[in-house]
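Below is one structure, written out as structure tokens; the observations come after it.
Just so we're on the same page: letters track the sequence lines, and every chain starts at 1.
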Amino acid sequence: MNKKYPEYKQLNLPEIANEIEHFWAESSTFQKSIDEREGHESFVFYEGPPSANGMPGIHHVISRTLKDLVCRYKTMQGYQVKRKGGWDTHGLPVELGVEKLLGITKEDIGKKISIEEYNATCRREVLKFKDKWDELTRKMGYWVDLDHPYITFENNYIETLWWCLKELYKKGYLYESVSIQPYSPAAGTGLSSHELNQPGTYKDIKDTSVVAMFKAVKNDSSKWLFEDSKVEELYFLAWTTTPWTLPSNLGLTVGPRIQYALVQTFNPYTHLPINVILAEGLIPKYFKKENENGAVETYNSEVKELPWRILALINGEKLAGIKYEQLLPSAANTLEKIREITPNAEPFRIITGDFVTTEDGTGIVHTAPAFGADDFKAGQKNNLGILTLVDKEGKFVEGVGEFSGRFVKDYKDEKNYTDVNVDISVKLKKENRAFKVEKYEHNYPHCWRTDKPIIYYPLDAWFIKTTAVKDRMIELNKTINWKPASTGTGRFGNWLENMVDWNLSRSRFWGTPLPVWRTGDGEEEICIGSIEELRTELQRSFDAGVMKPHEGKTVAEQIDELTSDLHKPFVDKIILVSSNGMPMERVADLIDVWFDSGAMPYAQLHYPFENKKEFKDNFPADFIAEGVDQTRGWFYTLHALGVLLFDSVAYKTVVSNGLVLDKNGNKMSKRVGNVIDPFETLDIFGPDATRWYLITNASPWDSLKFDIEGIKEVQRKFFGTLYNTYQFFALYANLDQFSYKEGSIEIGHRSELDQWILSELNSLIKRVMENFDQYEPTHAGREIEYFVNEQLSNWYVRLCRRRFWKPVPLNQNGENIIEEMQDKIAAYQTLYECLDTISALMAPISPFFADWLYKNLNGVTGRQKENSVHLRKFPIYSEAIINHALESRMVMAQDISSLILSLRKKSGVKVRQPLQKVLIPSHGADFEQQILGVAKIIKAETNIKEIDFLPADNDFIKKRVKANFKSLGKKLGSKMKWAAEKINNLNEIEIDQVLSGTFLLNPEFSKLKEEEIYINIEDVEVTTNEIPGYEIAVKGSLTVALDLTLTPELEKEGFAREFVNRVQNIRKDRNFELTDKIDLIIEDKNPAKDIIIEFNEYICAEILAEKIDFQKQVSEASIIEVNNDQITLQVNKKT
RNA sequence: GAAAAUAUAGCUUAAUGGUAAUAGCAAAUACUUGAUAAGUAUUAGGUUGUCAGUUCAAGUCUGGCUAUUUUCACCA
């Protein structure tokens, strides 16, 4: 007894997924898919570690589907694809979560709760939702190794990070320096940008702003400026909202491409005549148009409005290098003091910077390197030096004259606080150094704990000198295959171009400690690169007596204990010893968590302490994929470390997927409540439809508007159709006991339709492969969809239905007729091959359903030895089976059929009513040949008896021609419009000339002194839009004319078909089996008796009747109506 | 403030610079019926976000603007 193909009541995708999930688990299919490829070429994939302290969302499903499908595809292609999962466990989000949980703030750590306890809580909390993540991973069918993930807080992982850091240290890429960071003097602490983005930190406040006047120094490099405009002295105007930074001023920045004006005017406070430089575009901000060239002579202190005149226009670039007098000189900011900090510094110069705008201010930016990130950068670049004349409490240091000791903002809520900024402004006014002083309202960040304004302040931090390899990073980035390419060149490329050194320092608690120990005086430091090294150094420290042994423990035990967890506070208990016996303590910093994940290629393998060979085989990655938000996160740190450590890319292809928005295009947020719960979605629709929808609806990098309706459509349209097709196959294959035990029938011996669908199938394989290879899964999925819906189901199966359910006729000896038998087997084999191949093609995208389909098929035939589609090789197309001529022929058949059906529809003639013939105007012998090849299909599909061609040269039909813009446009250029018009208006004789040879379009060419323009059949498109006496339908150059004449013969045949249809309905209503034979008894007096007798044989064959009897009276009768005739009859099932 | 992506029918989506812009869903109408919780046909639905430019020819190339989304910055 043959096994049966499972048949189902209805499609239940979640059920299928469930079943297959269990199957995978039981037979370790994932493991097998890797183990069986041992020794094969590997395809390297890196999993970007998610943080498990938050719930997974629907956007995780899309990026994971993408990762999974690539890995599954490559596995099926024969590569070994290892997929180690990972967890990102350090960092601020974790810490903030824990702070919230414990109801504490950063301040309390180490006080209300010990660091040890706090970190233990972090360690526990960080994997809080790991179960949920694992569940999602399983449910959505994401194959990744969950049992041996890398976890960034594990000692081995940290050890590799330390190794990386030491490598960088050895190369001189790890250094300590200052950086400008948000700082709260009131709280005495630096703030992370995250803290700065707390709600309510940015407030509108009014500050005293000053436009200060910097007096230019006349020397060799500036002589031209003075002499060109015949002035004795001039000032640069620069605006600031923080006058307290003015004593620390070291430069003025102008925009290199901004036009500046030298303006003659007066100082509104001192009324002295002055000449000032500011951006030309900003003149209206300070001067009224009507006062231009005003009366300079009569200006006095009573005149409110300043007369002014432009003396010269100067390009910003030309100003660079000019020196100016220091605005607020004091003991603390002399050149000597500056050079004590920065030897050879060249301050008090005009420099250029691209960040300068003419939006506000004067177009000249006061630059105090200590108090602004841009200023700092500009200062470094131009060697201005750096002055920090404000201490960490927020007050001026000693040596700033009368301002020393005063707070730059009211940080202490002093009763009689007077604003030092106002006093500075007053001083400038008196000294003829202020051009405009006013209150200015702007948005400024405040410390979220003290509510006091923050300042930007230089703080010590550790950096990685990424700028040292900037060019190399840019160069290597060009070798990376970015999907989409614009992210690589644009977002990422621009980022690289403007790269700054990587600030590694974080002053938190739960993270990888920076493994640098140094002596108190900073004279000696050591960077530790391994646990072994740490133990050796520790031993030395014990030996030197710097570390004191605890009672009751041996030194060895203590070393074990101290190195058992490389986190705070334990590492901070370790004191090492310098070469001359001084104690060395660890620097306070933790490192940026992005370093953790960026180093995963090395750390996940505990390289170089283990797995040296594995690492060699697993670096760089062939493929990674994450959300586009990782561009400057993980993608960057991976790349940076790859280049810094190994002078290599870390990944060859990277796909950055876009965002998932709600169906209205809004961002999903918990607050709005439009968040999609991935678990619910997977439960209702199953992972296959969900994945298919996510992949085929939009390219991964476009943002996706997530709409449940879309999944429903996928479920119904694609999976429903594919399921139906399978059900259809299973139904009849089970009846006929088809199990592919017969030898495969050669393609050449199968029917035209079989050859066609197999050709299309092979074309499909080719296109799907190409798309997968190019990381275009969206196109691959849509191709599969089109094939299943349009070609397989709607054309092949529909046209072939009869071949499956029609019993094989017998010959005289009561045996099956061999040819008919073969044809039926060919149909089964063809449909089987299509379904089987589809299961493999769709497997990467919808792994559960694909495996279900595969197993249902293969479970009966056993044609493949693998018990899962995912262990199979991806199908390989055969160029030999692809028949382009056949494919285009079939398109023709579909077009013609569709045209005929539309004509039938228009004239109300049912398909069941046969028609005699259809006329098609011919386009030549090839054209006719093509159609004749599919004539049988057209006739059957449309119930037409013959297809006739109207010869091309007949004068019966009217032809029209239209210009072929593509071919003519290139030749004619600007004459195109004229030619198109001319061609449209050609008469029939002229058209015939065009079609039969060449035609001169401009006979009067010599008169007009033109080139001759000849056109031929290639240059026009021919249509037929009129055939006298016929209803016609047109699509492109194809025209179909239907003969609607109904002869009595045709009518009778139509009647017979209608009759069959009615009887079939009765069979179905009575739930007869497909194979049940019947007897038919018809009431004698019915009007159509003659027709039924005439078509007796046809009718009996169709309805599986042995005979049709006519009787006077029929009991248990049914009454049917055919073409307005009532027929009373009785259908009896034969037993 | 800067950069990037996107914008085509009510929705989703296609279109090497070349005819009159492609399909599906939804809508309406009819048909079909041994794949039927399906299928087929027909109809309607479009100023291709907007304004310019390049071109014989623009949904497509260039520029400006607008909207949405993202990232970075918030600084004088």
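- Using a 4.0 Å cut-off between charged side-chain N and carboxylate O, A/Glu776 and A/Lys483 make a salt bridge.
- Here A/Arg798 lies in heavy-atom contact (under 4.0 Å) with a base.
- Residue A/Asn789 is classed as having no contact, given no heavy-atom separation below 4.0 Å to the nucleic acid.
- In this structure, the CG atom of A/Asp707 is 12 Å from the C1' atom of B/G10, given to the nearest Å.
- Looking at A/Trp692 and A/Asn697, their side chains never bring a donor and an acceptor atom within 3.5 Å of each other.
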Please write out each protein N/O paired with an N/O of nucleotides 29-32 of chain B under 3.5 Å, distance rounded to 0.1 Å.
residue : atom : partner  : partner atom : Å
B/U32   : OP1  : A/Lys910 : NZ           : 3.3
B/U32   : OP1  : A/Arg912 : NH2          : 3.2
B/U32   : O3'  : A/Arg912 : NH1          : 2.9

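- Taking atom C1' on both nucleotides, B/U66 is separated from B/A76 by 30 Å, rounded to a whole Å.
- Using a 4.0 Å cut-off, some side-chain N or O of A/Tyr456 falls inside it from OP1 or OP2 of B/C75.
- Of the residues listed (A/Phe804, A/Tyr723, A/Tyr832, A/Tyr796), the one engaging A/Phe728 in a ring pair (Phe, Tyr, Trp, His ring centres under 6.0 Å) is A/Phe804, and it is the only one.
- In plain terms, the two heavy atoms of A/Trp634 and A/Trp594 that are nearest each other are N-CZ3, 3.5 Å.
- To the nearest whole angstrom, the two P atoms, one in B/U47 and one in B/G10, are 8 Å apart.
- Only the C1' atoms considered, B/A21 is 9 Å distant from B/U8, to the nearest whole Å.
- When heavy atoms are screened at a 4.0 angstrom cut-off, A/Arg716 is found touching the sugar-phosphate backbone but no base atom.
- At a threshold of 4.0 angstrom between heavy atoms, the contacts of A/Ser793 include nucleobase atoms, whether or not backbone atoms are also involved.
- For A/Gln10 and B/A37, a side-chain-to-base donor-acceptor distance below 3.5 Å is present, hydrogens and geometry of angles not being considered.
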- Taking Watson-Crick and G-U wobble contacts under 3.5 angstrom, with | marking pairs to another strand and [ ] crossing pairs, the secondary structure of RNA chain B is written (((((((..(((.....[....))).(((((.......))))).....(((((..]....))))))))))))....
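- Residue A/Glu713 is in sugar-phosphate contact alone, with no base atom involved, counting any heavy-atom pair closer than 4.0 Å across all strands shown.
- The structure places CG of A/Leu799 at 7.5 Å from OG of A/Ser897, a figure rounded to the nearest 0.5 Å.
- Residue-level contact check: A/Asn724 touches the bases, meaning some heavy atom is under 4.0 Å from a base atom.
- Across B/G39, B/A76, B/U13, the shortest atom-to-atom separation from the side chain of A/Ala698 is found for B/U13.
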